[in-house]
Amino acid sequence: MSSFIDFGIAQKQYHGMNRITQLFNIKYPIIQGGMIWHSGWKLASAVSNNGGLGLIGSASMYPDILRENIQKCKAATDKPFGVNIALLYPNIEEIINIILEEDVKIVFTSAGNPKTYTETLKKEGIKVAHVVASSKFALKCQDADVDAVVAEGFEAGGHNGREETTTLCLIPNVKKHIDIPLIAAGGIGLGSQMKAAMILGADGVQIGSRFAATVEASSHDNFKNKITELKEGDTQLTLKELAPVRLIKNKFYHDLESLYESGRNVEALKETLGRARAKLGMFEGDLTEGELEIGQVSALIDEILPVEKVFENLIKEFNEAKVDLSL
């Protein structure tokens, strides 16, 4: 695999040191998103073993399952890895305690106020990054003393910002407002897209959908195969009245659309959503009634690959991406 020295943009920008690789002590500035029902210890350890930063997605795990995944990840890699936590998780105190007890060194937080636990975590020597969808909240993260910000455009799968700002617009705007390291997310699945994000001002990237369609992802094969079939326009941001989420347009999605046609009844939306829809779709493989979360970049994913091959492709594409323009 190529050395990081090939990542010329980042090398020139930071005089030989990339701020994300330095912060997390990793080889490549590539973070795997902590996706629910995808990001177990197998995926996280595989990403870390290939030079990126693997994240365990705690939001789909009971506390005891999270502890088990952390312990198995430690056994599977001697490289840095982290845990992604949703701050609105009902068992958040227990989750925080497990992270401290298991001596996790990196935490990515989302869906809540970064001030709530950043100080607690950093006192224990933990590096903290927080996910945002606007420069306003990126500044709040900087004020909360997080170590890095993940700015996620609304191309991303899963739960999303209400602003619907694209990654192309979001990254340079956030870059203009903060001084701490910036990680771009949303719509990134190719090495050329990674290079574009870094040209826009990002220090690294967080990739979700491409890692969802890997051998090591813990999601159901039905869902992984569905990802490889998607075309442009096959996903849509919906449920803004509850929590905005990008979904594949299946029967469940069209059931929601039928409710919109008859009026924006929040209670009816909640009733249709019910419980465990995401587990039903992504983990159990029900492509009809399940909630199928994936990003727009899925239209560029046409095969399920091992994580090692994904890294090979990303680095090759990054180094081959050329811009030959004259004005």
Side-chain angles (χ1 to χ4, degrees), residues 14 18-20 22-24 29 31 33-36 53 55 57-59 82-93 95-96 99-100 104-188 197-198 200-208 237 239-246 295:
Y14 295 110
N18 176 275
R19 295 201 294 178
I20 293 302
Q22 184 179 27
L23 177 64
F24 298 127
I31 291 92
M35 305 165 283
I36 63 170
L53 179 66
L55 296 179
S58 71
V83 173
N84 182 84
I85 59 173
L87 295 174
L88 299 180
Y89 190 89
N91 298 86
I92 186 62
E93 291 284 352
I95 295 297
I96 294 293
I99 285 169
L100 297 179
V104 174
K105 295 301 186 185
I106 300 168
V107 170
F108 278 50
T109 58
S110 60
N113 186 344
K115 286 189 175 181
T116 309
Y117 289 105
T118 295
E119 184 178 359
T120 300
L121 295 168
K122 292 193 70 173
K123 279 181 179 177
E124 300 299 322
I126 296 171
K127 302 295 184 184
V128 180
H130 191 79
V131 182
V132 301
S134 69
S135 55
K136 173 184 175 181
F137 286 104
L139 276 169
K140 289 182 181 293
C141 289
Q142 183 164 272
D143 292 342
D145 199 30
V146 304
D147 296 290
V149 165
V150 180
E152 183 177 76
F154 99 120
E155 299 97 323
H159 291 285
N160 234 306
R162 297 181 182 277
E163 297 85 355
E164 298 192 15
T165 305
T166 64
T167 303
L168 187 69
C169 298
L170 181 63
I171 298 307
N173 204 11
V174 172
K175 180 67 175 179
K176 185 170 65 175
H177 286 87
I178 66 171
D179 300 314
I180 59 178
L182 172 60
I183 300 163
I188 301 169
M198 295 176 80
L200 290 172
D203 301 289
V205 296
Q206 178 173 289
I207 295 174
L237 196 70
L239 286 175
K240 291 188 72 172
E241 293 79 4
L242 303 180
V245 61
R246 181 171 295 282

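In what follows, every heavy atom counts, from backbone to side chain, and hydrogens, waters and symmetry copies are set aside.
Shown here are the salt bridge (Lys or Arg N to Asp or Glu O under 4.0 Å) partners of K176, two or more places apart in sequence or in another chain: there are none. D145 pairs by the salt bridge (Lys or Arg N to Asp or Glu O under 4.0 Å) definition with K122, not counting sequence neighbours. Every residue meeting the side-chain hydrogen bond (donor to acceptor under 3.5 Å, both in side chains) condition with E93, not counting sequence neighbours, appears here in chain and number order: Y117. By the side-chain contact (heavy atoms from CB on, under 4.5 Å) test, N91 pairs with P63, Y89, E94, sequence neighbours left out. The side-chain hydrogen bond (donor to acceptor under 3.5 Å, both in side chains) search around E164 returns K240, not counting sequence neighbours. With sequence neighbours left out, the side-chain contact (heavy atoms from CB on, under 4.5 Å) criterion links A138 to V132, V149, V174, I178. Residues that satisfy the side-chain hydrogen bond (donor to acceptor under 3.5 Å, both in side chains) test with K105, not counting sequence neighbours, are D103. Applying the side-chain contact (heavy atoms from CB on, under 4.5 Å) rule to L200 yields the partners L168, I171, P172; only residues at least two apart in sequence or on another chain are considered. Residues satisfying the side-chain contact (heavy atoms from CB on, under 4.5 Å) test with V83, not counting sequence neighbours, are I56, S58, L66, I70, I85, I99, V104.
Considering every non-hydrogen atom in both A156 and G186, the closest pair reads CB-CA, 3.8 Å. The minimum heavy-atom distance between L237 and G161, with the atom names listed, is CD2-O, 4.4 Å. Closest heavy-atom contact between V146 and P114: CG1-CB, 4.1 Å. Closest approach of I126 and L100 over heavy atoms only: CD1-CD2, 3.7 Å. Summarising the geometry of P29 relative to N18, their closest heavy-atom pair is CB-OD1, 3.7 Å, with the distance given to 0.1 Å. The heavy-atom pair separating N84 from S110 by the smallest distance is ND2-OG, 4.2 Å.
We find the CD1-OG1 distance between I92 and T116 to be 9.0 Å, quoted to the nearest 0.5 Å. Note that the NZ atom of K115 and the OG1 atom of T120 stand 14.0 Å from one another [nearest 0.5 Å]. One finds the CG atom of D203 at 8.0 Å from the CD1 atom of I183 (value rounded to the nearest 0.5 Å). Interatomic distance, Q22 CD to I20 CD1, rounded to the nearest 0.5 Å: 10.0 Å. L170 CG to E155 CD: the interatomic distance, rounded to the nearest 0.5 Å, is 9.0 Å.
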**Verdict with supporting geometry, R246 and F154, side-chain contact (heavy atoms from CB on, under 4.5 Å)** = CA-CA 8 Å; R246 181 171 295 282; F154 99 120; 3.4 Å; yes
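Counting only distance, with no hydrogens or angles, the side chain of T165 and the backbone of A133 share no donor-acceptor pair below 3.5 Å. Without hydrogens or angle criteria, N160 side chain to V245 main chain gives no donor-acceptor distance under 3.5 Å.
Under the side chain to side chain donor-acceptor pair (under 3.5 Å) criterion, the residue pairs touching residues 125-142 are T109-H130, with sequence neighbours excluded.
In this structure the side chain of V205 never reaches within 4.5 angstrom of the side chain of I31, judged on heavy atoms. Side-chain contact between F108 and L53 is present, with heavy atoms from C-beta onward closer than 4.5 Å. Using a 4.5 Å heavy-atom threshold, the side chains of L55 and Q206 count as touching.
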